[in-house]
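Just so we're on the same page: letters track the sequence lines, and every chain starts at 1. In this text, all values refer to a predicted model and were calculated from it rather than measured experimentally. Heavy atoms only: backbone and side chains are in, while hydrogens, waters and symmetry mates are out.
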Protein chains: 2
Amino acid sequence: MAGRGRPRAFDRDTALRRAMEVFWKQGYEATSMMDLTSAMGIASPSLYAAFGSKEALFKEAVELYNATEGAPMTRALTELPSAKDAVESVLRHNARADAQEGGPSGCMIVLAATNCSTANAPVRDHLATRRRAGTEMMARRLERAVREGELPAGTDTEAMAVFYTTVIQGMSVQARDGASSACLDRTVDRAMAAWDAVAGASTA
Amino acid sequence: MAGRGRPRAFDRDTALRRAMEVFWKQGYEATSMMDLTSAMGIASPSLYAAFGSKEALFKEAVELYNATEGAPMTRALTELPSAKDAVESVLRHNARADAQEGGPSGCMIVLAATNCSTANAPVRDHLATRRRAGTEMMARRLERAVREGELPAGTDTEAMAVFYTTVIQGMSVQARDGASSACLDRTVDRAMAAWDAVAGASTA
DNA sequence: GAGTTTCTGTGTCGATCAGCACAGAAATCG
DNA sequence: CGATTTCTGTGCTGATCGACACAGAAACTC
């Protein structure tokens, strides 16, 4: 691993983490190169040499976000024996993470590129794909719950996953508007109290 | 009303409506002056003379949005005799409006300035205030339902209003991601099936 | 008609955007 | 040691941002 030329003077992982925090707080388009370089402690050519472009840096930041902030959710959905406990765990984690002190408010995947210019449509679509992947993961967990008898046969697992995803995404908007963790938890209380009704709901 | 000087060559209301549609579709920051002038059919000095600035134009566009798109929701909350019917009407209206063909997807108040640079913080705060106003209106309607006996005494009307607001805001994100009106309606089905559980939920 | 007022269209302002050219600096290899 | 390779920092690029100066055009009042 001994590089041939002059070694990099900054830690790539640390710089990427700083970039992620800025993108998380300000979103993709509202973050300028100067915001990034000053937060990462490097000059712009170093950024381009190490990450390629602003867009490539953002996608790496999203991956890092998924690997760190998203890990507890993935673990809950795959490891907890009860689907209801798993979904509640995901919601509780979001309520805590979305409003945590010192950090940006709300989920980066939801908020970082909801509205952006057509020139940056690839960035928006990239996050939209990530959001759909989250819904898919929850839907598969609910299907398993049906197979295991935790949820009644015939449950519309797809609609149920969309419902809880909708609540999660709404919570990010609430957090960005200043809602406290306690306030988000009250919403989680209600979303979970509705579990049986949500599972048993028909398409009207 | 006879103006003294040269009369305006464009219809102010029509131009404002066009501006609203652009802001609705692209958000505040992603919309450039050129987007606005070409959509409104006027040159930039005419825009500044008639509306003051990009920010002032946006705020007028938000008022127009409230007066048109938001009117059915306000009417439902004030006129329908049942709070449950009123909230369901609001949700159904959102499901239809958020995913209507030919128009922008999702609610403008929710999506037009979720993430923007610090320079445009006033715009973001303006929309956040509007969002809180919507929650407040629903909370007052639920309080009335408690007074009238439709909801049990001791119902946490504030938390209940926040819950349904969260669902509405999440639906806008879903619509922006391409969810159909039918898909949003399935979420409404579940949110309304949960009515009694949501009303009776405690703070865990 | 002349004078006044207001709007329109062209052209451009300084600031800022993402991105890169270039040369000097710091490491390894022979 | 010299040669090579890679990174760093300064400073710039064309493009675009929101906003406006200016002069001509079109209505009014007298």
### Electrostatic pair B:K59-B:E55, nearest N-O below 4.0 angstrom
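Yes, this pair counts.
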
Just the atom pairs and distances: protein N or O near nucleotides 1-6 of chain D's N or O, under 3.5 Å.
residue: D:dT6; atom: O2; partner: A:R6; partner atom: N; Å: 3.2

#### Entry: Of residues 113-122 of chain B, the positions that come close to DNA chain C - non-hydrogen atoms, cut-off under 4.0 Å
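Listed by number, there are none.
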
### Query
Going by heavy atoms closer than 4.0 Å, what residues in residues 20-48 of chain A are next to DNA chain C?
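Hits under 4.0 Å, by residue number: A:T31, A:S32, A:M33, A:S44, A:P45, A:Y48.
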
Interatomic distance, [X] [atom1] vs [N] [atom2] [rounded to whole Å]:
X	N	atom1	atom2	result
A:K54	C:dG19	NZ	C1'	12 Å
B:L57	D:dG18	CG	P	12 Å
B:F10	D:dA26	CZ	P	17 Å
A:F51	C:dA18	CZ	P	16 Å

Minimum heavy-atom distance between [X] and [Y], given as atom pair plus value:
X	Y	value
A:G106	A:L111	CA-CD1, 3.8 Å
B:A193	A:A197	O-CB, 3.3 Å
A:R186	A:R190	O-NH1, 2.9 Å

### Message
Just checking B:Y164 against B:W195, ring centres under 6.0 Å apart?
### Response
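Between B:W195 and B:Y164, which both carry aromatic rings, the centre distance is below 6.0 Å.
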
Show me the donor-acceptor pairs, under 3.5 Å and distance only, between side chains in residues 61-68 of chain A and residues at least two apart or in other chains.
residue: A:Y65; atom: OH; partner: A:M108; partner atom: N; Å: 3.2
residue: A:T68; atom: OG1; partner: A:L64; partner atom: O; Å: 2.8
residue: A:T68; atom: OG1; partner: A:Y65; partner atom: O; Å: 3.4

### Query
Going from CG on B:D185 to CZ on B:R96, what distance comes out if it is rounded to the nearest 0.5 angstrom?
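If I round to the nearest 0.5 Å, the distance is 8.5 Å.
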
Can you give each donor-acceptor pair under 3.5 Å made by side-chain atoms of residues 166-173 of chain A, sequence neighbours left out, with the distance rounded to 0.1 Å?
residue: A:T166; atom: OG1; partner: A:V162; partner atom: O; Å: 2.7
residue: A:Q169; atom: OE1; partner: B:Q174; partner atom: NE2; Å: 2.9
residue: A:S172; atom: OG; partner: A:C107; partner atom: N; Å: 3.0

### Query
Is the CZ atom of B:R18 crowded by more than 12 outside heavy atoms at less than 6.0 Å?
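Open.
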
### Query
Does any pair with a residue in residues 32-47 of chain A pass salt bridge (Lys or Arg N to Asp or Glu O under 4.0 Å), and if so which ones, sequence neighbours excluded?
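Qualifying pairs: none.
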
### Message
So, applying salt bridge (charged side-chain N to carboxylate O under 4.0 Å, His left out) with B:D177, which one of A:R130, A:R124, A:R131 is it?
### Response
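Exactly one pass, corresponding to A:R131.
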
### Task
Indicate, with a heavy-atom threshold strictly under 4.0 Å, whether A:A49 touches base, sugar-phosphate, or nothing.
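It contacts nothing in the nucleic acid.
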
